[in-house]
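Only this structure's heavy atoms are used, side chains among them; waters, hydrogens and symmetry mates stay out. Throughout, protein chains are lettered first and strands after them, A, B, ... in sequence-line order, and every chain is numbered starting at 1.
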Number of protein chains: 2
Amino acid sequence: MIVEGEGLMRLSESEWQIMNALWQRYPASARELIERLPKNINWAYTTLKTMLTRLVAKNVVSERKRANTSIYEPLITRSKARRNALQSLMDQAFDGAMGPLMHFLIEDQKLSKKQRQELLQLLQNENSEK
Amino acid sequence: MIVEGEGLMRLSESEWQIMNALWQRYPASARELIERLPKNINWAYTTLKTMLTRLVAKNVVSERKRANTSIYEPLITRSKARRNALQSLMDQAFDGAMGPLMHFLIEDQKLSKKQRQELLQLLQNENSEK
DNA sequence: AAGAATATACTACAATCGTAGAAGAAAGTC
DNA sequence: GACTTTCTTCTACGATTGTAGTATATTCTT
């Protein structure tokens, strides 16, 4: 079962691909996962296996055997991973604070009018609900 | 002079540290840069030099000599680097779109009431100004 | 000019990442 | 039960990252 592990782990690019596939539906076998990867990814089956092994070693994914086949499950939630990634980004590139990031998103990032509206919407909902 | 290079370059953790110091004020020598790094970073002078050399090789920083001393300048803007980093994050972790990221920031990320207010503020300014 | 300080260039080396082949074990098929 | 397919485990290898030592060239200082 997924527990929100504490350690700040860092997923690499390819690891994200795998995790994205895994979060979609789990438990899953390597065979299933490889099919779910974006079509532009064309890994050898063993490549995926290698990476799964590494993810298991890092305690990001659990592995259990049914017959001779391993089935995998995430050990961290997508949210948790996202939070970690965001935190790293903020630390590295936005003086470690949410403020500058928000600011950048809104000012520099040129949201479309629609995006801006949506955002307002979201914010206002949150504000009133709670 | 800084030009907004096109290639999606990727800065590593330590590279961000250096670039942050460099963006603060440039041109700058290695000696100056090392002083400007966060106090918790304690690199040997040669470590910094090695990394600067690598940044130069990657065309992220320019190097020019005054007497026998190299002075460095960024070849990409901070904004550009931020945009790239954000883009990568979105691609990997937020289905490649701004929407889910925003959504996450607002819903899952539990902004403080104050942050939320600020954000609203920003948004509304933008909305009316343009 | 000799010695001290500083900077550069080159080399190194372990850890992680991306990618995968080879060999062997298990399971499904006729 | 022999053959084929599918998995697993091991090993490999080049690229990048983090970190720094050594040797050499340059420049100050007295």
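If you find the closest nucleotide of DNA chain D to Arg10(B) and to Tyr45(A), the one lying nearer the 5' end belongs to Tyr45(A). Take the nearest nucleotide of DNA chain C for Glu13(A) and for Lys65(B): the residue whose nucleotide is more 5' is Lys65(B).
Between Glu15(B) atom CD and dG18(D) atom P the separation is 7 Å, expressed in whole Å. For Glu35(A) and dT6(D), the CD to P distance is 11 Å, given to the nearest whole Å. In this structure, the CZ atom of Arg66(A) is 13 Å from the P atom of dC7(D), given to the nearest Å.
Here Gln17(A) pairs with Asn20(A), Leu37(A), Pro38(A), Ile41(A), Trp43(A) under the side chain to side chain contact (heavy atoms under 4.5 Å, CB included) rule; sequence neighbours left out. Contacts of Arg64(A) classified as side chain to side chain contact (heavy atoms under 4.5 Å, CB included), with partners at least two apart in sequence or in another chain: Pro27(A), Ile71(A), Glu73(A). Annotation: side chain to side chain contact (heavy atoms under 4.5 Å, CB included) contacts of Ala44(B) (sequence neighbours excluded): Thr46(B), Thr47(B). Partners of Asp91(A) by salt bridge (Lys or Arg N to Asp or Glu O under 4.0 Å), not counting sequence neighbours: none found. With sequence neighbours left out, Phe94(A) forms a ring pair (Phe, Tyr, Trp, His ring centres under 6.0 Å) with Phe104(A).
For DNA chain C, the span of nucleotides reached by chain B at under 4.0 Å from its heavy atoms goes, 5' to 3', from dA7(C) to dA12(C).
Proximity of Leu75(B) to Val61(B): side-chain heavy atoms (C-beta onward) are nowhere separated by under 4.5 Å.
The salt bridge (charged side-chain N to carboxylate O under 4.0 Å, His left out) analysis of residues 23-40 of chain A, with sequence neighbours excluded, yields no pairs. For residues 48-59 of chain B, every residue pair satisfying the salt bridge (charged side-chain N to carboxylate O under 4.0 Å, His left out) rule, not counting sequence neighbours, is listed here: Glu15(B)-Lys58(B).
A sub-4.0 Å separation between OP1 or OP2 of dT17(D) and a side-chain N or O of Lys58(B) is present.
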Could you write nucleotides 19-30 of chain D as a row of B, S and -, 5' to 3', where a protein heavy atom under 4.0 Å of any base atom gives B, of only sugar-phosphate atoms gives S, and otherwise -? BBBB---SS---
